[in-house]
Amino acid sequence: MTEHEIKTIGVLTSGGDAPGMNAAIRSVVRSAITRGFAVKGVRHGYNGLITGDIVDMNLRSVSEIIHRGGTILYTARCLEFKTLEGQKKAADACREHGIDALVVIGGDGSFRGAKDLAAQGIPCIGIPGTIDNDIACSDYTIGYDTAMNTAVEMIDKLRDTTQSHDRCSVVEVMGRNAGYIAINTGIAVGALVTLIPEVPYDLDRDVISRMKKTQKTGKRHFIILIAEGVGHAGDLANEIQARTGIDSRATVLGHVQRGGSPTLRDRVTASRMGYHAVELISKGIYNRVVATRAESIVDYDISVALSMYKTIDTSLLDIASAISI
Ligand code: ADP
Ligand code: F6P
């Protein structure tokens, strides 16, 4: 398909929602309309393509959303879309509704879907939206900053009561199989220990003896942060209490980390990425994932993006370990 044949751009959000997705939708819709494209919103992720849950978008459809969490287009995980039959249905729906190219805001599962849809003849652009920051090609994903700030706010509150009772709080943050939320939050809240799935740990060496050592210098309360990919906060709190005798509680922050008004960083990144996605389409460049690299907005071929590998900066754990004592 050539650039001249693209008249209408579709936009959808898919997978777990993330604060800033609305800012990305707003940016896509307004950048596209400004460039003369028509825009359709596909609701409930890939489900909306299969069921035809598609609405016309105009400049005012995205008013009053830049500061809102969630996604006005709703999101979903769609099993049927993982099948070839589902992908063909979705591509047919695009053609039926006149969607010539699709912008998919989501995580790498959603980008796999976009790649499959591209194979069915619908050009796609991916925008990384997930609190987990686990998109290999991008330094940063929409929602990550807000989720960390929410975690920090919650753990600061927890610190008050942990301190009053001379307790140990084991706090579990989200991240699926990645420790990005945990590793920065751990530094920001002064956690004595931060456990992430990327780095194996030894309970005695890394948790119990560290607690006992700091107790000797007068420490009376403890915050232990674990990423969900490491295990359950409740199990760890029980184990710590059994081994140290310190009254311990577990707190799972859960889905609260996925909500709330996006931070400045998430709003700006989402706005820049949405603009870039439309710019690519207007230049006739398709099947790319938009990403950040050293503060710049860049893009990668979807297949290349999906084959990339990202490593976490474990030196952050060393810093936390040196100063949270
Ligand atoms: P995320 O995009 O946040 O990684 P998921 O992994 O749940 O979230 O994927 C979101 C949706 O993308 C899935 O429900 C499915 O519709 C689609 N999807 C995921 N993986 C694939 C795949 N391998 N092939 C086609 N579609 C996929
Ligand atoms: O990918 C975002 C995320 O919130 C992960 O951190 C978490 O593991 C997962 O989604 C939870 O998914 P659900 O919303 O299906 O409970």
Side-chain angles (χ1 to χ4, degrees), residues 11-21 24 42-51 53 69-71 73-91 93-94 102-120 122 124-138 141-148 150-151 171-185 196-198 225-233 252-260 266 287 289-291 302-303 305-308 310:
V11 56
L12 62 77
T13 47
S14 168
D17 63 352
M21 279 184 163
V42 180
R43 305 203 301 180
H44 302 281
Y46 291 117
N47 269 327
L49 279 183
I50 290 173
T51 62
D53 191 358
T71 155
L73 291 175
Y74 304 91
T75 185
R77 296 193 168 100
C78 174
L79 281 183
E80 190 181 351
F81 186 75
K82 287 190 169 183
T83 66
L84 184 61
E85 203 194 344
Q87 291 152 18
K88 282 184 190 298
K89 254 197 221 176
C94 285
L102 186 69
V103 177
V104 173
I105 306 164
D108 55 3
S110 303
F111 299 159
R112 278 195 187 88
K115 186 182 160 193
D116 291 340
L117 197 59
Q120 295 303 319
I122 307 298
C124 290
I125 303 287
I127 294 182
T130 165
I131 64 164
D132 301 337
N133 200 35
D134 60 350
I135 304 292
C137 69
S138 194
T141 61
I142 297 165
Y144 175 46
D145 190 54
T146 307
M148 287 191 294
T150 300
V171 192
E172 183 181 317
V173 294
M174 276 188 166
R176 206 184 285 261
N177 303 313
Y180 292 99
I181 295 177
I183 204 163
N184 282 312
T185 303
I196 60 170
E198 294 85 347
L225 191 68
I226 71 164
E228 66 172 320
V230 170
H232 296 293
V252 179
L253 293 186
H255 290 77
V256 70
Q257 295 160 96
R258 288 238 300 259
D266 278 328
N287 307 330
V289 174
V290 179
I302 292 192
S303 300
L306 288 171
S307 69
M308 288 167 84
K310 184 170 172 176

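As the structure lists them, so they are numbered: ligands from 1, and atoms in each ligand from 1. One-based numbering along the sequence shown.
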What protein heavy atom is closest to [atom], reported as residue, atom name and distance in Å?
{"atom": "atom 13 (C) of ligand 1", "value": "Cys78 N, 3.8 Å"}
{"atom": "atom 26 (N) of ligand 1", "value": "Gly113 CA, 3.3 Å"}
{"atom": "atom 11 (C) of ligand 1", "value": "Ser14 OG, 3.5 Å"}
{"atom": "atom 27 (C) of ligand 1", "value": "Gly109 O, 3.5 Å"}
{"atom": "atom 22 (C) of ligand 1", "value": "Arg112 CB, 3.6 Å"}
{"atom": "atom 7 (O) of ligand 1", "value": "Arg77 NE, 2.8 Å"}
{"atom": "atom 8 (O) of ligand 1", "value": "Gly15 CA, 3.6 Å"}

Give yes if a backbone or side-chain nitrogen or oxygen of [X] is under 3.5 Å from a nitrogen or oxygen of ligand 1, and no if not.
{"X": "Ala76", "answer": "no"}
{"X": "Gly106", "answer": "no"}
{"X": "Ser110", "answer": "yes"}

What about Gly175: any of its N or O atoms under 3.5 Å from an N or O on ligand 2?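 By distance alone, the answer is yes.
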Residue portion contacting ligand 1 (non-hydrogen atoms closer than 4.0 Å) for Asp116: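 The part of Asp116 near ligand 1 is the side chain, not the backbone.
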Could you tell me, atom by atom, which parts of ligand 2 come under 4.0 Å of a heavy atom of Glu228?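 Reading through ligand 2 atom by atom, the close ones are 5 (C), 6 (O), 7 (C), 8 (O).
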Any atoms of ligand 1 less than 4.0 Å from a non-hydrogen atom of Gly107? List them with their elements.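 Listed by number with element: 1 (P), 2 (O), 3 (O), 4 (O).
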Residues Ile181, Glu228; criterion side chain to side chain contact (heavy atoms under 4.5 Å, CB included); working and verdict: CA-CA 10 Å; Ile181 295 177; Glu228 66 172 320; over 6 Å; no
Using a 4.0 Å heavy-atom cut-off, which part of Arg77 comes near ligand 2: side chain, backbone, both, or neither?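 The part of Arg77 near ligand 2 is the side chain, not the backbone.
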Heavy-atom count around Lys88 NZ within 6.0 Å, excluding the residue itself: above 12?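 Not buried by this count: 12 neighbours or fewer within 6.0 Å.
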Return the option from Arg258, Arg176, Met174 holding the heavy atom at the smallest distance from atom 12 (O) of ligand 2.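 Ranked by closest heavy atom to atom 12 (O) of ligand 2, first place is Arg258.
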From CA spacing to verdict: side chain to side chain donor-acceptor pair (under 3.5 Å), Tyr144, Asn184: CA-CA 11 Å; Tyr144 175 46; Asn184 282 312; 2.8 Å; yes
